[in-house]
Every structure is written in structure tokens, then in C-alpha cells.
Amino acid sequence: MSDLIDIKVNVNGQLYERSVEPRMLLSDFIRFELGLGGTHVGCEHGVCGTCTILFDGKPQRSCITFAVLADGHTIETVESLGTPEKMSTLQQAFQEKHGAQCGFCTPGILMTMTAFLKENPHPSEEEIREGIDGNLCRCTGYQNIIEAVKLAAENMDSKS
Amino acid sequence: MEIKGDYTFNGPRPVVWSVLRDVNILATAIPGETTLKPISATEYEGSIKLKIGPVSGVFAGKLTVADEVVPESCTLIIEGKGGAGFAKGTGYIKLTEQPDNKTLMQYTGELGIGGKLASVGQRMIDSVAKSMIKGGLEKLEKEVAQRL
Amino acid sequence: MEKKYLGQRVIRNEDPRILTGRGKYMADITYHNMLHAAFLRSDYPHAKLNSVDISAALEIPGVIAIYTAEDLGDYWHPGPVLVPAPHSIPGITANSRTQIPIVKDIIHHQGEVLAMVVAENRYIAEDALASIYVDSDPLDAVENVEAALKPGSPLVHEELGTNIATYVRQERGNFAECKTKADHVIHQKFIMDRGSAGAMENRGFCANWDEDAQQLTIHCNTQSPSGLRNSMAAWFGIPEQRVRVVVPFVGGGFGPKVMTNQPEEVLCTFASIKLHRPVKWLEDRAENFIGTTAERVQVHDCEIAFNKDGKVLGVRDSFLYDTGAFNPYTATIPLNTQTHTTGMYDIPVFLTEFTSVFTNKMICSPVRGAGRTYGVFVMERMLDMVARKLNVDPAKVREINLIAAEAKFPLETGIIAQDFAQFVLDSGNYPAVLKKAREMIGYEDFKKNQQPKFRAEGRYVGIGLVLFTENTGVGPYEGTKITVGNSGKVFASSIYGTQGQGHFTVFAQIVADQIGCKVEDVIIETGDTDKFAWGTGTFASRGATVLGNAYHHTATLVRAKILATASRLFNVPESELELGDGMVKVADMPDKFIKLGDLATKANPMRGTIKPGTEPGLEATGFYAPPYGATAYGAAAAIMEIDPLSFNIKFHKFIFVDDCGTVINPMILDGQLHGGIQMGVGNAYFEKLVYDENAQLLNGSLMDYLIPRATDMPTKMEIGHLNTPSPLNPLGIKGVGESGTIPIPPLYCQAIEDAFNLPDLFITEVPLSPSIVYSLVEEAKAKK
């Protein structure tokens, strides 16, 4: 076993100081060190996108990122978006349009789309489809996910 | 997977042959931390540390030299296994004298791999094998030059 | 009885938890003193195991224990047969070989468990795997089902003297005779491969043996909590009443998670009993590819006998089925193939026989579609052959051969199904589904007006239209317990596994309609064997049909109790009572009402008496058992364009028509179809587990095994519905879970052929891929 390394990471607005093994994955750090279980792990080789978090605002696969690389950086996970009582506009749209079935890939898709909508608040259907192309979902055939993102963009628009 | 190719050394055939049959040189020609020690005149045991895409590990194995026709041709049989899978290969090497004191090496081989190495590393194996052969031949070439 | 919720688009009760990352899945299950397991798996598909040296691995700090076969003692034995052979069929051959928890002498497939490491954390456990030395001698392996039956083939199970696992022959009419009477007979070989279930969440298992309480608690993302409870109880000699299985949210099932007695389940339980600590294992994706059951190849040798008017007289289908190294699920998949081949067609003569073959590959078990896909594939392809031979439109050939709308249902087929009863078509209007599909896709318009234009422009745009049936909702039974709580919330529990199908909502809709409460006030509790002990599991698209009707029946019992209790309370006849808005009201007397929660409190007094002969509380338990499965059916049609350079497919239009009887929730229904279609797209164009000739898997990662992405899917899946209620159950429901998957591969074949319009392009093997279609097109062009 290797020596522990001290890191400071801002996760969902809170600063955490921990000592971790250099080989600890960021996904495991978020899940098991910080107890934030919303970030799921689907493939552990960076393909499925389930573990996507925002790293300094940009979507990143936490399963192929070492926790030590997050030292001094800002992480956002699905827990930052909303609560069961008060879901975000995007989450509400996913409920309204049935954009989630088993819900396992959903946190990764929500994080990817949160960043996507910030960059492109008025996306076309085709742009949304390409935007989620890096995230695998086995339940929905993606159609209702795309509908949900479309609705969320509309609702964000009418709110602003 | 089939391996096939040729390479022309800037040196006469007996020198090239001596380099090829020098186990210490052969070990350095294989990238990674490779050890090879003879257990008989034609058999060697050792280990090689390999990284193919996401799969890496130490493979313990055996190298056998067969059908040796000095300084012309031989068959190499490699068997190895480790935590990341296993490999079994047969290669045939032929040296032909060329004008200007050069030597043409022709090689053909079959490599079978299994385990995680095959199921996860498959897409990278071709290019890794090619780059290993290229790197190895360059090392051998240097050694030939030194012995001239 | 008002149907306020049944048939309505109700948004899901479970979504707020799932969408905010609060839903707990297997990876979230934890105990403070929990240990982590990792498994050393065989690299070789077939080998003699000489020894496993664990001494170096045991030295690693944090390693608690390492187990090999010897350590299991009497707990080492092959697992049980999970589904028996169909012994009601005369003349069957049934050789059974079941999985063992850990290899003792012979390795039968890549991925088989050789050793188990238990450590303080997963990282250390995996470190230890790399330090275990295995000495084994590889043996010749069996990869191909046809080669496996040739003399001199290596044998997967030497002592059997053959690689034949099961042989079943069923015949309706006499095919040999039928052939002599037909105008034409065509003979064709077809190959269909299917792959991994590919649930986004891999398997997981956590066993906690409480020595003090003599209680085993298991958390697992199983599709069959009751099956798992019973199997672990039997394996370890614990009364099943002392085994509790709890299933958290599950990240997709699609079939393999129904398997019980899996090596990891046995070994984690064993380790927990030995170590008196909770032991948990989470499968990773690389393990999933070699350690989890999947579906795989069938090779069909077919004949179709038909007349010059296009009427099919008979079909013969002799097929080989790759069952893998063991066959605990025996013949569910090939029986499903046999029962779905002639589908909704009126084909008087049908000879179907299969040979299930052992190979040195992972065990084959049902994956969404579960055998039906192969039958539908060969039948739809054969009808396309008839269309070509007679130069008739493919849709017309189908129309000629459909079972008539006036047919007298139920229709017996003479073929024994996966539930060992005769396969019966319970109800349906098949011409209507074809008609609707033609209209929705614009079949005639495309053929007549659009396609000639595309062809003139040199574009490859083709249309396909195929039909399918799906036998769903088989027995034996499901049951539920429903309780109205003092809070007014209604708790409705079953043992059923749930993997994202919207059970927390659709069953709540059924219950809420009977109880007269809000759908969000019905709390569906699933997959905890201590909450409800009876039931079987999630398979064969049976949730909505079997459990849905059990919920309905039980809710009517609770409704009767509510009415009886309120009748006594208000001293009015039940006929004057109304249920709604979470309360019982006396008709026409606005001030006489009681909330359900208050009524529940009154029905369970803490002092005094209740009326003798009655039961306290507002609670009932009920069951539903179908006589046989209800058969859903439908059509898929598409207009697709193939890019002549990349051979990627772009959909101009995609439609799907489905008749699953009564619809509970159209939003969830369409979602089920979307996901099914996606898996069908994978089966048609992307997903294949590739093995080399030594049965070595070559594409065991999501980089190389391609699950369809968003841009691989039709841009719009338009869904149409017919509603022919099943006469078999009170709600008239038929299942839908697998429908979407079933017809997609033959749809791709037909449309691709239509796009290229080459006489020698006829596709007989799936899955396809861009490069395969490119090669087929080039070959066909060369012949021209």
C-alpha cells in the first residue's frame, strides 16, 4: 500500500479535507469517503457515462479520474441539483416526460445535461441527441430523455 | 493473431544470428522489465511485464528455440501466463544473406492470447505487437552495429 | 367502480428519489464491519485445474480470508436445476449439468470462479487476486455448436460422452406429407446470435449472517427475491423463514438477474457464515462479461412449404441452441423459440425440433426477448423468401397467412410452452395490427411514390414491416398484502423484484382505484421477503399481468373490508357507501364521512371488542394465478436509409404497434417499448459477444461490445396501440416487457434488402454491422 495524500476538494459547495491513497478513484472517493451515493458506477472504464460529475463545471467521468487530481478543484454531483421535495427544472422535466426508468444511468445524464444546457440553453433535438451520445442508457431508448431535456430548456426559458 | 514481416540488418548473417541467439540481448530487446534465464541450451524461463491498453501485468513464461539451423533459421515457441491472461505463440525466423554485407530477416508467427488480455485488450493488441516488434528490431540493430 | 387511474398517464411515484440520487442501489448497501469480496476467474475456457496457490496473497495486509474449492467442504456441490426439462413432451433427451460454486478440478468456461478473496476493502481484495498462482493445463475447447456435434469434438462434460444437453421435437400435423403437396419448398439456414443483457448496474450481493439471531440477511439486486431466499436456505440448511432477502433499487435486470444459486451468492454467504461479518461483492463490468449469464447463438435449418398463391402450408425448423457450459435453465429459451415461430400466422403444419448443445462458454439464460426473437426472426425471414419467390409484396404475404379476425379464440397451437402447458393464443385481432402498421408507416405511399424517387436519386432507402407475438404473464402465481394504515397511506407489498418498470406507480394505480385514494398515497413495497413471503419473480413479462391482477384482487378484498367496517360504523348498508378522495362517504349525506386512516384506527381498537368472526384492521392478502400465459402481439415497421459510405442507418420513420390488452399507464407502456426496441436495435446491428475458436471472449468491454447510443436509435419511435383485453384475467392485461425487442432484427434485414434492391442480397445471419452489410452488398453486386 502506498502513502496517503492530503487533498482538499469542494464538493457541492462544501469543502472536504481527506487523506486518500493515490490510486483511489474519484468515484469511490465521492461515494465511499463522502457518502454521496448518487454518483453511480456502470463500467469503470469511462465508456458508459453513468459516473459523470461536473469537475470545475465541466462533465467528467469520475471512474477514470483519481481523487488526488481533484485536489483544489470543485466537484458537483447529482445531489447538488435538487431534493425529492424540490427537484430542479431538469429533474422535474425527467419526471414529467418519463426520462428515467431504472434510474441507474440517470445521475450521469442529469449532470451531462446540466452542463450542456448551460452552454446551449436553446438546443435543437439533434443537438440534445448528440449531447447525450456519450451516455449509455439501457432502459429508455433515449427518446424520453431527449423529450425531457427539450422540456427543461423550454421551462428554464419561461422562468428566466 | 498472425504476425508477419521482414527487416534488413546492416550486418553479416553470422553477427545477426549471434545477436538473436544471445539471451541477454533478446531480453533487452523486449520492452518492459524482461528477464530470461536459460534452463537448457534451447529453453529459457523468465518473465515479462506488459501493458496493453487498460490491461497490464507480469507474465511468467518459457521460450523454446527449436528446429535450429545455424545461422539461418529457427522456430521460437513462447508460452506465458499471468494475472491478466495468457499467451501462446510460435514464430519462424529466417535469415538470408544480402549484398553489401546486409542480412534480411523474415519472420512469420501465430500468437494466441486469452483471459483479460484478450477480452479487454483485444483492440490494442495489433498495434502494441507492431510497436514492440519495431522497438525490438531497433535494439537488435544497435547491438549488431556494436559487434561489427 | 370508477377507474380513475387505470389507463391514465400518471407520472411516477418513484421518480423524486431516483432523480435526485437518493435511491439506494446495491453499491449503497453498507454495514460498519463489512468485508469486500473479489473473485479470481479462469482465463481458460477449458482446462484441468492442478492447484491454486494462495500463500503469497494471504500475506497482503488487509486480506482476511481466501477460499478455494476445498474450503467449502460439504457446501461444495453442483447447484440445483432451476427450470426442469419439459418432461410432458414425449421422446425428449435431457442431460442436465448445473453450475458449481468454485472450480475443483475441471474448468468449463472462461470466467469460472477459482478462488475468492475477502478483504477489508475492494482495492486490497483485487491486489490479492494478482498474487494468487494458478497451475492449470489447458484442454481443447468447444466453441461452435455445429462443430460440437461432430465426431471427435472435445467434450464439455467428458462423462456424458456427448455435447448434447437437450433434444425436443414437437410436430403439429405431418410436415413430410405436407411438403409433397406444396407448390414450392424452400430450404434455408439461418443464424442468430444474441448477447449480453447489459444492465447498467452490474450484479451485487451482500450476505450478513447473524450468529446470535441465527438469521441470514441478504441484499441483492435479484429479479427473484423468493427464489434467492429459498436457494440460500436450502444450500446452507437454514429455514427459509430465517433468510431475509432485501432488494434495493435495481439498475436494470433484463434477464440474468433472475438466476439464483450463482457462485458469488453461495460464496459470499459461505464467507459471512464463516467469518461472522457481512461480506459484499460488487461485480465490475469486465466480470459481467465473463461471469454473468447471457444469451447466445442459435443455428436454424428451415424449410417452408407454400402454394403459388402465397399460402404457407407448413414449416420445419430444426435448430441448435448454444446453452453454454451448464444448463440450469434447461429449455426455457428454445421452448420460447418453438412457441413463437409460427406466431400469429395460420400455418397448419409445423415441425420444430431443437438440440441444445454444451459449449465451453458462459451459461446461457434468458435475456429480454428470451428465445422468442429467434423464432420470429426465422419465420419473418421465411415469409420474405416466399415473397421473393412469388414476386409478391412482403406485407401481402403476411396478410394472406394471418389467423383471421373471426377465428375462435382461444386457439390451441399443439406446441408445449415454457410453462410446460400447451401454448394457447388467448385473444387477438391480427389483421387489425397489420392494417394499423401499414397505415402508420405509410406503406403503400412509400412503395408507390417515394421509393422510386429515392432510387432515381441513387439513394438507398428501404421499408420493412414485420409482425410478432409475445407470450407473457405465465404462472405459477403472485400475491400481495395490502394494509390501510392509520396515516391513511396504503401499504401494498409483494415479493416481486423491480428493475425500473414503474412498479411503484402502475400497481399503485390499480390499488388506488379500488381503495379510492390518491395514487401517491399507495406505497408499493417490493422485494423484501419479510414484508411478503410468497411469489416467484420477475421474468416472462409477467409483472403487470400476474402481479397486477394479484394487486387488483387483493385491493377488492380490502375494499370489501372498508365497506363492511364503515357500514357497521355508520349503520347504513354498504350499497349506500362511496369510496373516494381517501375517505368513505355516505351517499347524499355530506357530513357523514370518515377518512381511511381514521377508519383503519377504528378497525383496530386497543380496548373493547371487535365483532366476533371479523378480523381487525383494513388488511387483506390475496393471490392471482393465470391458467396459462396471455399473448401480446404487434408489428414494427421502418423506413431507413443506409449511408453508402459508412453503412450507418438513418431512420426516416419508425413505428411500432402493440396490443397488450388493457393499458395501465400509457406513458410507462411506451417507455417499456422504447427500451425494448433499443435492445432490438442492438441485436440487429450492434451487439455480439465475439469468441475465438477456443471459446475465448474477444470483446469484453463496453468499448468493444456496442450498446446502442442515442444517435444509433430512430429519431422518433411512434407507438400505436390496439386494445384487445385478455379474457384470462380480470383486468384484461397482457405483458409488454419484451415486445419491443422481439421483431427488430428481421425488420432491419427486410428494410436493408429493400433499400439496396439486389436480387442476391438476402440476409440470413444477425447481428449485422455496418461492415457486414457492406460485405454482403459487395458480394451481391458481384453476383449480379
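Everything numeric in this text was worked out from a predicted model, so none of it was measured. Lettering follows sequence order; numbering is per chain, from 1.
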Seminar exercise, completed: Smallest heavy-atom separation, C/M200 atom then A/F104 atom, equals O-CE2, 3.4 Å
Exercise. Is there a donor-acceptor pair under 3.5 Å between the side chain of A/R138 and the backbone N or O of C/A197?
Worked result: yes
For this session: Given side-chain contact (heavy atoms from CB on, under 4.5 Å), test C/Y123 with A/L25 step by step and report yes or no.
Result: CA-CA 10 Å; C/Y123 288 77; A/L25 299 172; 3.8 Å; yes
Exercise. If every non-hydrogen atom of A/L136 is compared with every non-hydrogen atom of C/I707, which pair is closest and at what distance?
Worked result: CD2-O, 3.6 Å
For this session: Please name the pair of heavy atoms, one in C/L19 and one in A/A100, separated by the smallest distance, quoted to 0.1 Å.
Result: CD2-CB, 3.8 Å
Problem set entry | Interchain contact, C/K716 with chain A, by part (heavy-atom threshold 4.5 Å) | both
For this session: Say whether, by atom type as modelled, one donor and one acceptor occur between the side chain of A/H40 and the main chain of C/E201 under 3.5 angstrom.
Result: no
Problem set entry | Largest heavy-atom contact set with chain C, pairs under 4.5 Å, which of A/G99, A/G42, A/C105 | A/G42
For this session: Can you see which heavy atom on A/F32 is nearest to which on C/A27, and at what distance?
Result: CE2-O, 3.6 Å
For this session: For chain A, find its close neighbours in residues 9-17 of chain C: heavy-atom separation under 4.5 Å, sorted by number, or none.
Result: C/R9, C/I11, C/R12, C/D15, C/P16
Exercise. C/I677 versus chain A, heavy atoms under 4.5 Å apart: side chain, backbone, both or neither?
Worked result: neither
For this session: Sort out for me which of C/G682, C/G23, C/G62, C/S701 touches chain A most, counting heavy-atom pairs under 4.5 Å.
Result: C/S701
Problem set entry | Among A/N144, A/I109, A/T106, A/L36, residue most engaged with chain C (heavy-atom pairs, under 4.5 Å) | A/N144
Seminar exercise, completed: Rounded to the nearest 0.5 angstrom, the CE-SG distance for C/M679 and A/C139 is 8.5 Å
Problem set entry | A/Q143 side chain to C/H674 backbone, donor-acceptor under 3.5 Å | no
Exercise. Between A/T83 and C/R22, does a side-chain contact (heavy atoms from CB on, under 4.5 Å) hold up when you go through it step by step?
Worked result: CA-CA 8 Å; A/T83 62; C/R22 267 68 168 182; 3.7 Å; yes
Seminar exercise, completed: Expected contact set for residues 126-133 of chain A against chain C at heavy-atom separation under 4.5 Å reads A/R129, A/E130, A/I132, A/D133
Problem set entry | Residue among C/D28, C/T20, C/L702, C/D712 with most heavy-atom pairs under 4.5 Å to chain A | C/T20
For this session: Mind checking the CZ-SG spacing from C/F254 to A/C102? Nearest 0.5 Å is all I need.
Result: 6.0 Å
For this session: Report the distance from atom NE2 of A/H45 to atom CZ of C/R285, rounding to the nearest 0.5 Å.
Result: 7.5 Å
For this session: Name, in order of residue number, those residues of residues 85-93 of chain A that have a heavy atom at a distance of less than 4.5 Å from a heavy atom in chain C; otherwise write 'none'.
Result: A/M87, A/Q91
Exercise. Between C/N665 and A/H98, is a side-chain contact (heavy atoms from CB on, under 4.5 Å) present by the stated rule, with each step listed?
Worked result: CA-CA 11 Å; C/N665 182 327; A/H98 190 28; over 6 Å; no
For this session: Identify which part of C/Q672 has an atom lying under 4.5 Å from any heavy atom of chain A, answering side chain, backbone, both or neither.
Result: both
Problem set entry | Heavy-atom contact with chain A under 4.5 Å, split by part of C/P714 | backbone
Exercise. What heavy-atom pair brings A/E44 and C/D284 nearest, and what distance separates the two atoms?
Worked result: OE2-CB, 3.0 Å
For this session: Name the region of C/I668, side chain, backbone, both or neither, that has any atom closer than 4.5 Å to a heavy atom of chain A.
Result: both
Problem set entry | residues 46-65 of chain A: residues contacting chain C (heavy atom under 4.5 Å, by number) | A/V47, A/C48, A/T50
Problem set entry | Residue, of A/G134, A/G38, A/P84, that accumulates the most heavy atom pairs under 4.5 Å with chain C | A/P84
Exercise. Are any non-hydrogen side-chain atoms of A/R23 and C/D127 less than 4.5 angstrom apart?
Worked result: yes
Exercise. Looking at A/G35, A/G82, A/P107, which one has more heavy-atom pairs under 4.5 Å with chain C than the rest?
Worked result: A/G82
Exercise. Of all heavy-atom pairs between C/Q678 and A/T140, which one has the smallest distance, and what is that distance?
Worked result: OE1-N, 4.0 Å
For this session: Check whether C/T498 gets within reach of chain A through its side chain, its backbone, both or neither, counting any heavy atom under 4.5 Å.
Result: neither
For this session: Quick one: which of A/V41, A/T39, A/V78, A/I145 has the most heavy-atom pairs under 4.5 Å with chain C, could you say?
Result: A/V78
